[in-house]
Structure formats: structure tokens, C-alpha cells
Amino acid sequence: MISSYRRPTKALIDLEAISANISVVQAHIPQGKKTFAVVKANAYGHGSVAVSQHIKHQVDGFCVSNMDEALELRQAGIAKMILVLGVVMPDEVAIAKDYDITLTVASLEWLALAEKLGANLAELKVHIKIDSGMGRIGFRSLEDANQAITQLTEAGAKVEGIFTHFATADEADNRKFNQQLVTFKAIIDGLDVCPELVHASNSATSLWHSETIFNAVRLGIVMYGLNPSGTDLELPYDLKPALSLESALVHVKELSAGDQVGYGATYASQESEWLGTVPIGYADGWTRDMQGFSVLVDGQECEIVGRVSMDQMTIRLPRQYKLGSKVTLIGRQGNQEITATAIAQKRGTINYEVLCLLSDRIPRMYDDK
Ligand SMILES: *Cc1c(COP(=O)(O)O)cnc(C)c1O
């Protein structure tokens, strides 16, 4: 889909903030650890090519969720390691080798299917995934992990890494985290041959369990300046949100008492009041449950009134404002700030989802630095 540039709605991405967030995390974790930047899902909506180009000298590699995301980076000239965190089916092995993309191997069944399909694993780079308790993908026993490494090595593949993923690193209760750590360590210690790269730390683990980092971190949400726990745990150091969402008033009118607004006529003015229309809606990922939330105009909170429709929504203004007046949906105006985390709380979800839902219709704009 082509982004809608000829409309005032846009996401402004502060690439320098992303760099600064990486640096601050790197300064707080033990020295000598590798950094993998997680740029899956279009870099959590920030634009994976632009982000990766900007940070490529600060990191040791990139993580994505699938082959297409990996190929997008390679085709944009990104030369560092790219690890696909999800399962890529064995029919993609040849293209992975062609583009030097590292695959995750998560089951013996995958290896059996690769053999059945006649996939040539020679020279394929892989990381082994251990399911230490997340319950999505990965080997769940030492025996299976050992067997996979043996089979891959015999087939000529390069088993360069092994990793796991924590389910509760962003929670105050550490019991599940510690169980997963024990499980993962037992497998690492029991391997006949341990791959060189051992990694287990997402953002939350890097922030709150930095003593448990093996030899690399996989940084996602912290790079983009958000707290992985939402508001549950305090950040140990400041991060700067990298994405702002802005638009402008494209229609302003005065309502009389009792005038109704939007689909379902869910809002009626109590008295004469000013209303502004903003060109953003649920097709942009600005979901219908934003009704009743606020945006910023002229440094003031303005309530979203009436239903959010596909392409437009209406806000109540404290007074008349001119067409083109700036509207901030995520970000700062004066002393006021609206964060993706606050939006997530209103929606009963997590800040990750708020960012990822911003659709391709919204252009991503970058400063020229
Ligand atoms: C998405 C993902 C990450 C990054 O998670 P954050 O919480 O954003 O840091 C790390 N590892 C795996 C396996 C992932 O899927």
C-alpha cells in the first residue's frame, strides 16, 4: 500500500533517540556483550530499513521475525548478521543461504522435513532455539538439542548460536524467570558442543536482569524508548520514545447544544462548543476504543468525542482553532506528553501493540541527521 503523504497525519521518527537508547542500555549491561537489534514488524512501526541503516554501526546484528523481513534488510544493503527469530520452513533454506540469513532451528521435525524435501543444509547458518518455558517454539530437552546440533553439523550447517526467550522478564515476580534460567543453563551446560553465541535477553531481561546476560542481548522495545513492562516496573534509567504521531485540524466548526456527532450519534454537545476533525481513524491503527481519550492541541488535552471512524475522528476544542493547527496524538506539546504506554492502558493492551498497529497508510518521516 502507498502511504498517504498528502494528508497531515504522519509518524515522526527520531533516529537519534533510538541510537541514544541503544547506547544507554549498552552502558548499563556488562561489557563485551553483543547487541542484536530487533527490527521485526517494520522495526515496531518505526521503519526497519531506516532504523537499521541508522544503527548498523552500533550493533552486531539484527533480528527479524520472518524471511521477507530479512530479505528487505539485505536488499537495502544491510550486511551484518540477520537472524530470523521465527520458524522459516525448510523450503526457504536455499534463499536463506543465498542472502546469508541465519535461521532458527526449533525442532527435530523441522530437520526431518528438511531432509525429506532434499534441502541442502551445508553452509546454512543457524541458531538453535530452546523452549525453556515460553511454550512457543524450541527444543524442550537436552537430548533433542544435542541431537539437532549433531545432525546439523553432520549436514554441514554452521551452528553459530543458541538462544531462549523469557516469558516474564518484565514482571516483579521472578519465580518463572528463574525457573526458565535454570532450565536454559542446564541445557547449555549439558551440550556436547556449545555454539559460540548464547543469548537469552530481550529488553526486559537487559533492563532488570542484566546479571543473567550470556553473551548477547536482543533489544526491541527499549531501542524505541518504551518500558517493556508498561508501568509495572520502573525503568532503571531514562529512555526516550522515538516515535511521535502528529496530524492537524482539517475542519473546525461550532456546535449548538444538542448537536450529535459521529456514527451511532454517541455524542451530543451539552452546550455550544468548538469541534475539530482530525484525518486519522481505525484504518491507520488509531482504534475505535480511542473514543474518550485525549490528544494535544496548543499544549492542551482535547477529548476525542463521538466514534472514531475509518479515516477521521472528532475532538472537542477549548475554542476556535485555525485549519492546519497541529494535533499531537503521541508525543509532546509543551509540558504535556501522550505516550504509547498511556494509550495502551486506555486500550487494555501493551505499548508494543500500539506501535505495531500504526498502519502503512501513515507515512514515517525522519530527520535528516
Ligand atoms: C520480539 C522478540 C525480542 C524483542 O523483545 P523486546 O521485548 O521488544 O525486547 C527478543 N527475542 C525474541 C525471540 C523476540 O521474539
Side-chain angles (χ1 to χ4, degrees), residues 17-18 21-22 24-26 28-29 33-46 48 51-52 55 58-67 69-70 73 81-88 101-107 126-139 161-171 176-177 180-181 184 197-210 212-233 235-237 239 241-243 340-341 344 349-357:
I18 297 177
N21 291 331
I22 295 171
V24 73
V25 176
Q26 286 172 332
H28 284 86
I29 62 175
K33 309 295 182 189
K34 286 189 166 20
T35 303
F36 301 148
V38 180
V39 293
K40 62 191 178 190
N42 200 27
Y44 297 33
H46 295 65
S48 61
V51 169
S52 302
I55 64 176
Q58 281 182 287
V59 302
D60 300 282
F62 296 89
C63 299
V64 295
S65 77
N66 63 48
M67 270 300 276
E69 291 180 349
L73 294 186
M81 182 209 79
I82 302 175
L83 169 65
V84 181
L85 297 168
V87 176
V88 173
I101 289 165
T102 307
L103 298 188
T104 291
V105 173
S107 69
V126 303
H127 286 204
I128 301 291
K129 180 73 184 279
I130 301 299
D131 179 7
S132 57
M134 179 74 179
R136 296 191 304 198
I137 60 171
F139 296 97
I162 185 162
F163 70 110
T164 195
H165 193 55
F166 291 110
T168 60
D170 59 348
E171 293 179 12
K176 166 94 183 174
F177 178 89
Q180 283 195 254
L181 190 60
F184 185 56
L197 286 167
V198 181
H199 50 109
S201 306
N202 57 358
S203 294
T205 310
S206 307
L207 288 172
W208 294 300
H209 303 274
S210 64
T212 65
I213 295 167
F214 291 84
N215 53 31
V217 292
R218 302 186 302 269
L219 301 183
I221 198 82
V222 280
M223 291 200 306
Y224 309 109
L226 294 177
N227 183 332
S229 79
T231 55
D232 290 351
L233 300 180
L235 288 174
Y237 35 86
L239 299 169
L243 181 144
T341 302
T349 182
I350 55 176
N351 49 30
Y352 297 70
E353 194 181 46
V354 173
L355 296 178
C356 290
L357 283 186

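We count ligands from 1, going down the list as the structure has it; atoms in each ligand are counted the same way. Since we're looking at a predicted model, the values are computed, not measured.
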Looking at every non-hydrogen atom in both residues, tell me the closest pair between I29 and S206 and how far apart they are.
CG2-O, 3.8 Å

Mind checking whether F36 and M81 have side chains closer than 4.5 Å, heavy atoms only?
yes

Location of contacts on I221 toward ligand 1, heavy atoms closer than 4.0 Å:
both

Identify, for atom 1 (C) of ligand 1, the protein heavy atom at the shortest distance, and state residue, atom and that distance.
K40 NZ, 1.3 Å

What protein heavy atom is closest to atom 7 (O) of ligand 1, reported as residue, atom name and distance in Å?
Y352 OH, 2.6 Å

of all protein heavy atoms, closest to atom 4 (C) of ligand 1 is Y44 OH, 3.4 Å

Protein contact to atom 13 (C) of ligand 1 [nearest heavy atom, distance to 0.1 Å]:
H165 ND1, 3.6 Å

Tell me whether K34 at atom NZ has more than 12 heavy atoms from other residues, nucleotides or ligands lying less than 6.0 Å away.
no

Can you tell me which residue among V59, T35, V25 is in a side chain to side chain contact (heavy atoms under 4.5 Å, CB included) with V217?
T35

Can you check which of H199, R136, R218 brings a heavy atom nearest to atom 10 (C) of ligand 1?
R218

Considering only protein heavy atoms, which is closest to atom 9 (O) of ligand 1, and at what distance to one decimal place?
S203 OG, 2.5 Å

Is there a nitrogen or oxygen of G220 sitting under 3.5 Å from a nitrogen or oxygen of ligand 1?
yes

Looking at every non-hydrogen atom in both residues, tell me the closest pair between F184 and H199 and how far apart they are.
CZ-O, 4.2 Å

Considering all heavy atoms, the nearest W208-P228 contact:
CZ3-CG, 3.8 Å

